[in-house]
Engineer: 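I am attaching a structure below and will ask some questions about it afterwards.
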Amino acid sequence: MINLYNTLTRKKEIFKPMNGNRVKMFVCGPTVYDNSHIGHARTYISFDVIVRYLKYRGFTVFYLQNITDIDDKIIKRSKESGFDPLKLARQFEKKYQDCMKAMGVESVNFYARATEHLPEIIQQIQTLLEKRFAYETDKGVYFDESRFPDFGKLSNRKLEDLTVHRINPDTSKKNPGDFALWKKRKGEPVWDSPWGPGRPGWHIEDTAITEEYFGPQYDIHGGGLDLIFPHHEAEIAQMESASGKKPMVSYWMHTGFLNVKGEKMSKSLGNFITIKDLLKTHNPEVFRFFVLSTHYRSPIDFSNEILEQSQNSLKRIYKLLETIDELLESDIEESTENDLLCKQRVQETEESFLEAMDNDFNTPFALSTIFDFIREVNRYINHQEISKKSLNRSKNLIIEFGDILGFNFSQKSSDKSSENIVEDGLLEIITDVRAKLREQKDWELSDDIRNKLKNLHINLEDK
RNA sequence: GCCAAGGUAGCUUAGAGGCGAAGCGGUGGACUGCAGAUCCAUUACACGGGAGUUCAAAUCUCUCCCUUGGCUCCA
């Protein structure tokens, strides 16, 4: 039984999809006007793990994500660079996809572009106009907030509070808080509509897309914490008004922010880190571990020091797996006396791991159960009190956990980084020579080689 | 001002009324030719301050302090 925190009710609820075991899930995708940063990566890795776990628990998940490929920021960027806005968007969308692939985010079933859903968007605006939830001005079509008293239910705000700090109220609108469904424009990428040429507002694309694939009601809607207001609030207003059905979404899930050394990541502060740059120096699994070592709703603080901690922690897991593989290939003296105990510990570990994940996807606790288990297995190995059967069982458990969390534990970590065949060959020659030196007890030279390799960030460990 | 999320050992984080965790880092020991890895011990009588409720509070209530984010189609 999975419990998840619902932003709408501000408490943990038992997860029950509307339709048996089939889960319809939508997460707000990026606006593709620039390279994706590690804050994006945090959010999408979190939802990747959530989907992996739901699937592991027997749910069939359809995970839909939108791509905002027409937007003010894209147009601004295109004017600065001279590129065609739609081509610019395609370019950054491609980069985003490459980053997600590199990060091991594989769970999204379909990416829906806003520009490929104009008929659905226009249809939904039509419906809102017909039901008089929207009105047209000479600037565009706007949602009439006064017709939707529930506005603010997700972010816990009242309509009257929202007018306090408004700047430059647009007097052509009925209420200051009314948001654009359709923007009448010229000289930019425009589409024909019953209200003349223009382009859709930011919020309407998501509800048009989800209505097309999921209908007016579905199970999970996710996104970054910053999207709660106004974006998700507006989505609720549009969809629930258009369909007359409530609630639009059963469970709202939001991921916490990623800060860099305690500050918000921004270009002006010079602490803006793109996924591409991160991957130049770091293994994607290290970043994934870093993300999962904090609960998805909590703020997470990024720094190179913390990333190094994650790297060392992850190394501990890989180290045990390597040790197990070596033992399985060797003729060790087996001890079967702990088999029962080991089997029991595997079961207990699995139970506490799943319990942690069931509890609103508590990955930090889940990771700690892995480490508890690792220490125990290491202890057995140290005392030579383990059989190959138990070693296999332990290994499979850790690999299974890796599949849920998105780590490929069945592959050696060293195999993932090495791409250079010549380099590997040379390294093998060096280690062979060194092994012979050690046979001859030439410690001075063999240590010298080891130290020099270490300076090149190649760590040799003698048995 | 309003809304939200936070403040737990040197660092990163779990926990959410009693039995106090995990990883990283430091130190000592076992094992090693030496390192490393691993194990054991230690750092470690940790929960922002103050009051209250309770037999019992890191956990509940109140209050104060601090940090971060959001506050409309211009994000």
Side-chain angles (χ1 to χ4, degrees), chain A residues 7 10 31 33 68 71-73 76 139-143 145 151-152 154-170 173 175-183 200-204 224-231 233-234 254-259 262-266 289-290 292-295 297-303 305-320 322-323 356 359 362-383 438 441-444 446-447 450-451 454 459-463:
Chain A
T7 309
R10 311 255 163 208
T31 301
Y33 73 105
T68 301
D71 168 90
D72 293 343
K73 280 187 280 190
K76 183 166 176 262
K139 288 184 180 170
V141 181
Y142 291 89
F143 186 88
E145 215 176 52
F151 198 87
L154 185 67
S155 56
N156 194 21
R157 282 164 219 232
K158 296 186 183 84
L159 268 179
E160 51 267 33
D161 294 341
L162 298 174
T163 57
V164 176
H165 280 266
R166 277 195 73 350
I167 308 159
N168 300 331
D170 181 346
K173 295 193 293 187
N175 314 290
D178 291 351
F179 51 88
L181 301 172
W182 188 262
K183 299 175 181 179
W202 176 32
H203 314 300
I204 195 77
L225 204 64
D226 50 342
L227 296 179
I228 294 177
F229 189 90
H231 186 50
E233 211 65 84
H254 293 98
T255 53
F257 293 105
L258 182 144
N259 296 319
E263 285 176 315
K264 190 193 177 185
M265 191 166 50
S266 75
F289 188 96
F290 159 74
L292 300 183
S293 63
T294 300
H295 190 263
R297 281 191 283 116
S298 301
I300 188 168
D301 199 52
F302 180 90
S303 72
E305 293 74 32
I306 301 166
L307 213 56
E308 200 182 317
Q309 290 188 7
S310 299
Q311 185 165 12
N312 290 338
S313 306
L314 190 60
K315 214 159 88 182
R316 189 173 159 84
I317 301 175
Y318 274 106
K319 182 69 200 171
L320 174 66
E322 274 173 39
T323 306
N359 182 16
N362 191 339
T363 52
F365 192 88
L367 287 173
S368 83
T369 66
I370 298 180
F371 285 110
D372 285 336
F373 181 70
I374 284 175
R375 193 177 345 95
E376 279 194 70
V377 175
N378 272 323
R379 197 153 48 206
Y380 287 136
I381 291 173
N382 253 19
H383 296 158
R438 290 181 63 239
K441 297 192 193 264
D442 190 340
W443 310 124
E444 202 182 325
S446 63
D447 285 0
R450 187 171 60 194
N451 287 335
K454 197 179 176 184
N459 292 308
L460 280 190
E461 290 172 12
D462 296 323
K463 298 297 162 214

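Order of the sequence lines sets the chain letters (A, B, ...), proteins ahead of strands, with each chain counted from 1. None of the values given here were measured: they were computed from a predicted structure.
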Engineer: Closer than 4.0 Å, any side-chain N/O of A:N378 to the OP1 or OP2 of B:A37?
Structural biologist: no
Engineer: According to a strict under-4.0 Å criterion, is A:R450 in side-chain N/O contact with OP1 or OP2 of B:C34?
Structural biologist: no
Engineer: Flag as yes if A:W443 stacks onto the base of B:G33 (centroids under 5.5 Å, planes under 30°), otherwise no.
Structural biologist: yes
Engineer: Within the side chain of A:T363, is there an N or O that forms a donor-acceptor pair under 3.5 Å with the backbone of A:A366?
Structural biologist: no
Engineer: Any strand is fair game: report the nucleotide pairing with B:G69 by Watson-Crick or G-U wobble, both distances under 3.5 Å, or none.
Structural biologist: B:C3
Engineer: Write down the distance between CG (A:L292) and C1' (B:G23), rounded to a whole number of angstrom.
Structural biologist: 14 Å
Engineer: In whole Å, I'd like the distance from the CG atom of A:L367 to the P atom of B:G15.
Structural biologist: 13 Å
Engineer: When the P atoms of B:C64 and B:A57 are considered, how many whole Å apart are they?
Structural biologist: 24 Å
Engineer: Considering just the side-chain nitrogens and oxygens of A:R316, establish if one lies under 4.0 Å of OP1 or OP2 belonging to B:G36.
Structural biologist: no
Engineer: On the nucleotide B:U38, are OP1 or OP2 found under 4.0 Å from the side-chain N or O atoms that A:N382 carries?
Structural biologist: no
Engineer: If I pick the P atom on B:G28 and the same atom on B:A21, what distance separates them, to the nearest angstrom?
Structural biologist: 26 Å
Engineer: Using atom C1' in both nucleotides, what's the gap between B:U68 and B:U54 to the nearest angstrom?
Structural biologist: 34 Å
Engineer: Tell me: CD1 of A:I381 to C1' of B:A37, nearest whole Å?
Structural biologist: 12 Å
Engineer: If you measure from the C1' atom in B:C11 to the same atom in B:C47, how many Å do you get, rounded?
Structural biologist: 16 Å
Engineer: If B:C60 has a Watson-Crick or G-U wobble mate with both distances under 3.5 Å, name it; if not, just say none.
Structural biologist: B:G52
Engineer: Which listed nucleotide (B:A14, B:G33, B:C39) is nearest to the side chain of A:D447?
Structural biologist: B:G33
Engineer: Measure CZ/A:F289 against P/B:A22 and give the value in whole Å, please.
Structural biologist: 14 Å
Engineer: Look only at the side chain of A:N359 and the backbone of A:N362, and say whether a donor-acceptor pair between them is shorter than 3.5 Å.
Structural biologist: no
Engineer: Rounding to the closest angstrom, what is the interatomic distance between B:A46 and B:A14 at atom C1'?
Structural biologist: 13 Å
Engineer: Taking B:C3 as the reference, what is the distance to B:A41 when you measure between their P atoms (whole Å, please)?
Structural biologist: 49 Å
Engineer: Identify whether any heavy atom of A:K441 sits under 4.0 Å from a base atom; if not, whether one sits that close to sugar-phosphate; answer base, sugar-phosphate or nothing.
Structural biologist: nothing
Engineer: Among A:N259, A:L258, A:T255, find the residue that satisfies the side-chain contact (heavy atoms from CB on, under 4.5 Å) test when tested with A:I300.
Structural biologist: A:L258
Engineer: Which value, in whole Å, describes the distance between the C1' atoms of nucleotides B:C45 and B:C19?
Structural biologist: 15 Å
Engineer: Using OP1 and OP2 only, check whether a side-chain N or O of A:R10 sits under 4.0 Å from B:A4.
Structural biologist: no
Engineer: Please give the nucleotide sitting opposite B:U42 as a Watson-Crick or G-U wobble pair, both distances under 3.5 Å, or none.
Structural biologist: B:G26
Engineer: Kindly say if A:R379 contacts the phosphate of B:C40, meaning a side-chain N or O under 4.0 Å from OP1 or OP2.
Structural biologist: yes
Engineer: Considering just the side-chain nitrogens and oxygens of A:N312, establish if one lies under 4.0 Å of OP1 or OP2 belonging to B:G25.
Structural biologist: yes
Engineer: Of the options B:G15, B:U72, B:A22, whose atoms approach the side-chain atoms of A:S368 most closely?
Structural biologist: B:A22
Engineer: What class does the angle between the rings of A:H231 and A:H203 fall in, given that below 30° is parallel, 30 to 60° is tilted and above 60° is perpendicular?
Structural biologist: tilted
Engineer: Checking base pairs now: Watson-Crick or wobble, both atom distances under 3.5 Å. What partners B:C31?
Structural biologist: none
Engineer: Under a 3.5 Å cut-off for both distances, is B:A14 Watson-Crick or wobble paired, and to whom?
Structural biologist: none
Engineer: Figure out the CG/P separation between A:D226 and B:A5, and round it to whole Å.
Structural biologist: 15 Å
Engineer: Between N or O atoms, less than 3.5 Å apart, protein on one side and nucleotides 59-61 of chain B on the other: list the pairs.
Structural biologist:
none

Engineer: Please state the P separation for the pair B:C40 and B:A4 - nearest whole angstrom.
Structural biologist: 45 Å
Engineer: Got a donor-acceptor contact below 3.5 angstrom from the A:R316 side chain to the A:I374 backbone?
Structural biologist: no
Engineer: Which pairs, protein N/O on one side and nucleotides 11-13 of chain B N/O on the other, fall under 3.5 Å?
Structural biologist:
{"residue": "B:C11", "atom": "O2'", "partner": "A:Q309", "partner atom": "NE2", "Å": "3.3"}
{"residue": "B:C11", "atom": "O2", "partner": "A:Q309", "partner atom": "OE1", "Å": "3.3"}
{"residue": "B:C11", "atom": "O2", "partner": "A:Q309", "partner atom": "NE2", "Å": "3.1"}
{"residue": "B:U13", "atom": "O2'", "partner": "A:S293", "partner atom": "O", "Å": "2.8"}

